[in-house]
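Chain letters run A, B, ... following the sequence lines, proteins first and then strands; every chain starts at 1.
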Amino acid sequence: MSDKKKGYRDTLNLPKTSFSMKANLVQNEPPMRKEWAKQDIYAKIREAGAGSPLYVLHDGPPYANGDIHMGTVINKVLKDFVVRYKTMTGFDAPFVPGWDCHGLPIESKVVTELGEKAREMSKPEIRKLCHKYASKYIRIQSKQFQQLGIFGDFANPYLTFKPQYEAGILEVFAELVGKGLVRKQLKPIHWSVGCETALAEAELEYKDIESPSIYVNFPVAAESVGKLKELGLAEDGDTNVHFMIWTTTPWTLAANLAIAVHPVLEYVSLRYNKDGKKVVSIVGTDRLEAVVAAAGLKEGEYRTGKPIRGQHLEGLRYVHPYIEKNPTDKDAYMVVCAQYVTTEDGTGLVHTAPGHGVEDYMTGQQYDLAIYSPVGDDGCYDETVPEWLRGKKVLEVDQEIIDHLETKGWLVKQEKLMHSYPHCWRSKIPVIFRATEQWFVSVDKEMPEVGKSLRDMALQSVKDVQWIPAWGQKRIEGMLESRPDWCISRQRSWGLPIPVFVNGKGQTLLTKESVLAVSRHIGRKGSDSWFTDSPKEILGDDFSLPEGFTFNDLKKEENIFDVWFESGCSWYSVAQKAGWPVPVDLYLEGSDQHRGWFQLSLLPALGVAGKAPFKAVLTHGFTVDEKGIKQSKSLGNYVNAQEEVGRYGADILRLWVASVNYQEDIRCNDELIGRTQDAYRKIRNTLRFLLGNLYDFDPAKDGVAYSDMFEIDRWAVQQLQKLIVQTGDAYENFVFHRVFSLIYNFSTVQMSNIYMDILKDRLYCDGAPSMSRRSCQTAMQRILDTLVRILAPILVHTAEEAWSAMKFKSQDLDSVHLAEMPRVDDSIDYKAEDQKWDKIMSLRDEVLRGLEGLRQDKTIASNQEATVTIRCAEETAKLLEGFGLEQFVALCIVSEVKLEKDAGETVVIAEKSTHQKCQRCWNYSPTVGADGEHPDICARCAETVRQSSQ
RNA sequence: GGGCUCGUAGCUCAGUUGGUUUAGAGCGCACGCCUGAUAAGCGUGAGGUCGGAAGUUCGAAUCUUCCCGGGCCCA
């Protein structure tokens with residue numbers, strides 16, 4: 001490089017900025033967050049928003065266990081987008097993070113770590129360890145959330161184990177008790193043998209297991225055989241007549257009390273030989289083929305009779321295959337009718353054990369059967385079963401029962417069946433259905449004042465909620481329609497006690513007043529006090545006990561609440577108590593929460609306040625791997641969120657979250673997240689170019705009025721207005737991936753490919769204070785200031801970094817996070833020139849394609865070497881002349897454009913320029929050599945150099 | 001097995017109430033250029049027949065049915 005060239009380089013206005021090209025996010029983000037913390041930026045934001053209309057996004061509490069994962073990252077980042085956008089559009093948008101702190105997973109972890117010691121420890125002692133454990137993970141997760149750049153009141157989160165929160169739960173509970181919705185029932189529920197507790201639906205994991213599948217003949221009682229003859233299902237001389245049932249849980253046969261048939265479906269007698277004897281089995285007509293196959297009967301080895309409807313079998317009696325005497329105090333061993341009997345599997349006759357199945361229970365209620373469950377908490381048979389079964393574990397006894405049936409001749413067929421079956425999420429053991437006494441919130445009981453049940457109210461109220469996406473409504477309606485009563489009790493230590501007292505006569509004390517009294521006590525002393533304090537201390541000396549109760553024989557029950565009940569009260573314990581209007585504006589969680597938190601918040605809120613706790617509910621999907629398969633550690637496709645943050649930095653992860661359509665499954669792996677870096681770099685470099693060329697621009701002094709700006713600069717401002725409108729619309733509708741693609745396209749196409757490339761000649765080569773340069777700087781300043789603010793909710797660190805690198809800002813604020821979202825400039829008609837620009841830009845495309853030809857055959861290297869002749873029709877020529885050929889030259893970054901009017905189609909002829917190259921601006925110009933002082937540069941450059949050196 | 005839901009270029013997304021002759025964009029990729037945004041920048045180009053099949057229609061990625069493959073929730 002010659003000295004002369006170097007000399008001209010120094011006469012250029014090259015970009016200068018402290019905003020580095022390399023982001024170094026992993027190093028640079030933490031100090032920025034430290035600075036935010038030091039300034040207490042969240043408090044400043046709230047302060048600035050005080051008095052503005054509230055917008056409340058109420059955080060759903062993650063479980064205080066383990067590190068955060070990609071799901072929680074997506075969830076909290078989406079929430080942060082919303083809160084920040086709302087803040088920047090003039091709302092007071094508080095964000096109070098919360099944690100779900102009680103429950104079985106924590107207790108299990110603690111008890112497992114304790115090992116044998118746990119057996120000797122008291123509940124308060126175990127609870128203390130659980131508290132410590134939960135607190136630890138709250139600290140860990142809180143830190144991890146803040147590392148993502150989430151803003152919120154992390155100093156004062158809501159925690160479900162805080163006494164004030166617990167008191168709130170009990171206040172809600174008191175109200176439900178007062179409305180008569182809470183009652184104790186013996187009912188089959190999912191029971192974890194491993195954990196010895198009832199399980200909620202949400203605590204079940206479905207896994208495929210192999211179960212026995214057996215066909216069993218239940219002998220018809222002698223007294224009913226005659227009836228069967230009348231019905232034509234048995235013949236004279238028949239002795240071995242049976243009802244054939246099918247089951248996959250042989251252990252529940254001990255609790256069998258009935259056989260269910262469908263009233264309308266048809267049943268038929270099947271005659272065949274078994275073990276040398278003639279036998280008859282009654283089976284469903286539609287299941288005949290399957291039963292025959294199962295029994296291994298070939299054509300000619302059996303015959304069938306005339307079919308009759310199931311309703312005619314009702315009331316017929318049978319003998320239990322291995323239990324001699326009805327163990328219950330109610331009627332048993334008869335045929336009943338039930339609508340849920342299907343012909344999809346089995347025999348059409350359904351083994352019914354009201355103590356061990358939900359449908360069985362319903363049938364039992366209908367026919368007044370006992371809710372018989374001869375199984376203890378530990379999953380072992382009790383004393384009421386035959387001796388050979390007593391004390392045995394029901395989950396291990398299937399084969400023994402099958403063998404017994406085989407020996408006695410009742411077994412028709414045994415097979416194996418693969419099916420999905422619920423398992424306990426903690427112990428991983430198959431769950432059993434077992435009738436126990438549990439506390440329920442009734443969803444079908446009519447409430448006295450409203451005259452409606454919770455279910456009716458819920459189905460009505462969801463119509464007034466905005467569901468995003470809209471199908472959320474259908475989904476939750478389906479769940480509400482089919483959900484059973486809510487079992488809210490658990491038999492564990494780590495939770496909020498259900499405040500029930502029992503007197504010596506076994507009478508229960510549970511009234512609105514008693515619950516409120518307990519609530520006051522626990523609000524002061526925490527829920528540990530339930531286990532340590534006496535009923536008198538808890539209720540208070542002055543509590544007036546109802547008749548029949550005295551403090552002398554009053555005992556406390558030791559059930560705790562389902563954790564879903566606890567989190568389901570957050571709208572009250574958090575939102576209402578903070579003074580936020582309920583319903584709050586938005587709940588935002590994964591789509592699994594339609595059944596979970598959304599539904600289980602809705603029910604208490606309706607019971608207590610008579611209205612839904614949310615105005616809108618937004619849900620997101622789950623992360624899957626690059627093939628769309630769900631992620632799990634065992635499949636090896638699990639993405640560790642902490643590692644990703646450590647590798648790329650929070651802004652990359654946030655940008656990735658913004659880039660995907662969260663309403664569907666979200667494909668995610670390290671590579672996909674890593675690719676977001678490309679987009680990040682492009683956006684960052686766009687900001688950098690803008691910043692670098694505004695180092696000497698003061699909008700107040702140097703700004704150019706819109707009407708005086710160069711056309712292309714006005715175009716850029718028009719494009720910016722479109723961006724403001726479209727991103728605003730996307731943000732408003734929570735369509736963040738549209739915000740992302742709009743910004744990314746704007747940065748790439750409008751800015752980088754077109755505008756910034758075109759601008760370089762003016763910015764670098766024209767005089768620093770020249771009108772031409774100030775014109776584009778005016779546009780660039782606007783673009784920068786706007787882009788940074790639109791980006792702020794997403795790229796929280798990078799936007800802040802750019803903001804502090806800006807010399808002049810639309811708002812004189814230390815942090816971009818205190819700034820407002822840009823608004824469209826009403827004085828600019830940004831659509832008016834669209835048609836003209838479409839034509840100009842497509843002409844430009846044609847020129848560029850023509851130049852590519854010259855480059856391919858090595859005639860030219862850069863576009864500046866070229867002279868372009870456009871042969872075109874009058875109309876096009878007029879357009880170009882009106883636009884200004886000089887402007888079009890700049891637009892194409894060529895040295896010269898000539899027009900030739902012609903009637904035909906537009907033809908672009910590109911040639912190598914015949915002029916000399918200016919050593920300063922690299923354009924080829926006839927004026928090079930004309931200036932005596934600077935013979936190797938063009939006239940424009942010579943003039944500029946002269947002026948700036950004065 | 002049931003409810004809800006998804007399946008457009010390698011990736012991330014657009015494709016309005018079915019209809020502007022070759023289904024769009026950006027990225028990535030290939031090739032080329034520049035070296036005054038430089039671990040940057042510019043240009044050109046090649047990639048999908050819309051998960052599959054059948055149907056409705058003058059006409060379907062867009063409506064219907066079935067099938068295949070995912071996801072969430074449940075049984």
Query raised in the report: What pairs with A:Glu911 under salt bridge (Lys or Arg N to Asp or Glu O under 4.0 Å), at least two apart in sequence or on another chain?
Result: none
Query raised in the report: Which residues satisfy the ring-ring contact (aromatic ring centres under 6.0 Å, His included) test with A:Trp597, sequence neighbours excluded?
Result: A:His58, A:Tyr587
Requested in this report: Pick base, sugar-phosphate or nothing for A:Ser482, based on heavy-atom distances below 4.0 Å to the nucleic acid.
Outcome: nothing
Report summary line: If pairing means Watson-Crick or G-U wobble with both distances under 3.5 Å, then the partner of B:rC29 is B:rG45
Query raised in the report: Quick one: is B:rG3 close enough that its OP1 or OP2 comes under 4.0 Å of any side-chain N or O from A:His594?
Result: no
Report task. Compute whether any side-chain donor of one residue and acceptor of the other, for A:His351 and A:Thr252, lie under 3.5 angstrom apart. Result -> yes
Report summary line: Answer for the Watson-Crick or wobble partner of B:rG1, both distances under 3.5 Å, is B:rC74
Requested in this report: Would you mind listing every salt bridge (Lys or Arg N to Asp or Glu O under 4.0 Å) that reaches into residues 743-764 of chain A, with sequence neighbours excluded?
Outcome: A:Asp713-A:Arg762, A:Asp757-A:Lys760, A:Asp761-A:Arg940
Query raised in the report: Looking only at side-chain N and O atoms, does A:Lys627 come under 4.0 Å of OP1 or OP2 in B:rG70?
Result: no
Query - Which residues share a ring-ring contact (aromatic ring centres under 6.0 Å, His included) with A:Tyr361, sequence neighbours left out - result: none
Query raised in the report: Any idea which of B:rU5, B:rU12, B:rG43 is nearest the A:Lys474 side chain?
Result: B:rU5
Query raised in the report: Which residues within residues 838-846 of chain A lie with some heavy atom under 4.0 Å of an atom in RNA chain B?
Result: none
Requested in this report: Summarise how protein sits on nucleotides 25-35 of chain B as a single string, 5' to 3': B when a protein heavy atom is under 4.0 Å from the base, S for sugar-phosphate-only contact, - for no contact.
Outcome: SSSS---SSSS
Query raised in the report: Is A:Lys187 close enough and on-axis enough to A:Phe440, meaning under 6.0 Å and within 45°, for cation-pi?
Result: yes
Report task. Look at all strands and tell whether A:Leu672 reaches a base, only sugar-phosphate, or nothing, counting heavy atoms closer than 4.0 Å. Result -> sugar-phosphate
**Report entry** Euclidean distance, atom CG of residue A:Leu655 to atom P of B:rC13 [Å, nearest integer]
**Finding:** 12 Å
**Report entry** Side-chain donor or acceptor of A:Ser770 paired with backbone N/O of A:Asp766 under 3.5 Å
**Finding:** no
**Report entry** A:Asn637 side chain to A:Gln631 side chain, donor-acceptor N/O pair below 3.5 angstrom
**Finding:** no
Query raised in the report: Pick one for B:rG47: is it syn, with its angle within 90° of 0, or anti?
Result: syn
Query - A:Asp562-A:Trp486 side chain donor-acceptor pair, cut-off 3.5 Å - result: yes
Requested in this report: Name the nucleic acid region contacted by A:Arg684, choosing base, sugar-phosphate or nothing; use a 4.0 angstrom heavy-atom cut-off, strictly under.
Outcome: nothing
Report task. Please measure how far the P atom in B:rG10 lies from the corresponding atom in B:rC73, and state the result in whole Å. Result -> 31 Å
**Report entry** Interatomic distance at C1', B:rU49 relative to B:rG41, whole Å
**Finding:** 36 Å
Requested in this report: Take atom P in B:rA53 and the same atom in B:rG45, then report the distance between them in whole Å.
Outcome: 32 Å
Report task. For A:Leu848 and B:rG45, give me the distance from atom CG to atom P, rounded to whole Å. Result -> 10 Å
Report summary line: Winner on side-chain proximity to A:Cys765, out of B:rG36, B:rC13, B:rA37, is B:rG36
**Report entry** Sequence-distant partners of A:Phe736, ring-ring contact (aromatic ring centres under 6.0 Å, His included), two or more places apart
**Finding:** A:Phe81
Query raised in the report: Which nucleotide in the set B:rC73, B:rA37, B:rC13 lies at the smallest distance from any side-chain heavy atom of A:Met479?
Result: B:rC73
Query raised in the report: Is there side-chain contact between A:Met780 and A:Leu763, with at least one heavy-atom pair below 4.5 Å?
Result: yes
**Report entry** Between B:rU8 and B:rA61 - C1' atom distance, rounded Å
**Finding:** 7 Å
Requested in this report: Compare all side-chain heavy atoms of A:Ile673 with those of A:Tyr648 and state whether any distance is below 4.5 angstrom.
Outcome: yes
Query raised in the report: Partner of B:rG18 by Watson-Crick or G-U wobble geometry, both contacts under 3.5 Å, or none?
Result: none
Requested in this report: Could you check which nucleotide pairs with B:rA9 in any of the strands shown, counting Watson-Crick or G-U wobble with both distances under 3.5 Å?
Outcome: none
Query raised in the report: How would you label the contact of A:Asn685 with the nucleic acid (heavy atoms, under 4.0 Å): base, sugar-phosphate, or nothing?
Result: base
Report task. Please identify each residue that fulfils salt bridge (Lys or Arg N to Asp or Glu O under 4.0 Å) with A:Asp625, with sequence neighbours left out. Result -> none
Query raised in the report: Which one is paired to B:rU38, where only Watson-Crick or G-U wobble pairs with both distances under 3.5 angstrom count?
Result: none
Query raised in the report: Between A:Tyr695 (OH) and B:rA37 (C1'), how many Å, whole number?
Result: 13 Å
Query raised in the report: Does NZ or CZ of A:Lys633 fall inside the cone over A:Tyr638's six-membered ring, less than 6.0 Å from its centre and within 45° of the axis?
Result: yes
Query raised in the report: For A:Arg483 and B:rC74, is the shortest distance between a side-chain N/O and OP1 or OP2 below 4.0 Å?
Result: no
Query - N or O in side chain of A:Thr619 less than 4.0 angstrom from B:rC72 OP1/OP2 - result: no
Requested in this report: Can you tell me the pairing partner of B:rC66 across any strand shown, Watson-Crick or G-U wobble, with both distances under 3.5 angstrom?
Outcome: B:rG52
Query raised in the report: Looking only at atom P, what distance separates B:rA14 and B:rG26, rounded to whole Å?
Result: 16 Å
Query raised in the report: Which part of the nucleic acid, if any, lies within contact of A:Leu12, taking any heavy atom under 4.0 Å across all strands shown: a base, the sugar-phosphate backbone alone, or nothing?
Result: base
Pull out every protein N or O sitting under 3.5 Å from an N or O of nucleotides 46-49 of chain B, one pair per line with the distance.
none

Report summary line: Of A:Arg688 and A:Ser752, the one whose closest nucleotide on RNA chain B sits nearer the 5' end is A:Arg688
Query raised in the report: Cation over ring, A:Arg675 on A:Tyr680, under 6.0 Å and within 45°?
Result: no
Query raised in the report: Where along residues 656-667 of chain A does a heavy atom come under 4.0 Å from RNA chain B, residue by residue in number order?
Result: A:Ser659, A:Val660, A:Asn661, A:Glu664, A:Asp665, A:Arg667
Query raised in the report: What integer number of Å spans the C1' atoms of B:rG48 and B:rA9?
Result: 4 Å
Query raised in the report: If only side-chain N and O atoms of A:Tyr8 are considered, is one of them under 4.0 Å from the OP1 or OP2 phosphate oxygen of B:rG36?
Result: no
Requested in this report: Whole angstrom is fine here: how far is it from CD in A:Glu626 over to C1' in B:rG71?
Outcome: 15 Å
Query raised in the report: Using atom P of each nucleotide, how far apart are B:rA30 and B:rG47 to the nearest Å?
Result: 16 Å
Query raised in the report: Sequence neighbours excluded, which residues qualify as side-chain contact (heavy atoms from CB on, under 4.5 Å) partners of A:Leu459?
Result: A:Arg455, A:Glu477, A:Leu480, A:Glu481
**Report entry** Euclidean distance for P, B:rG69 against B:rA46 (whole angstrom)
**Finding:** 36 Å
Query - Residues forming a ring-ring contact (aromatic ring centres under 6.0 Å, His included) with A:Trp251, sequence neighbours excluded - result: A:His356
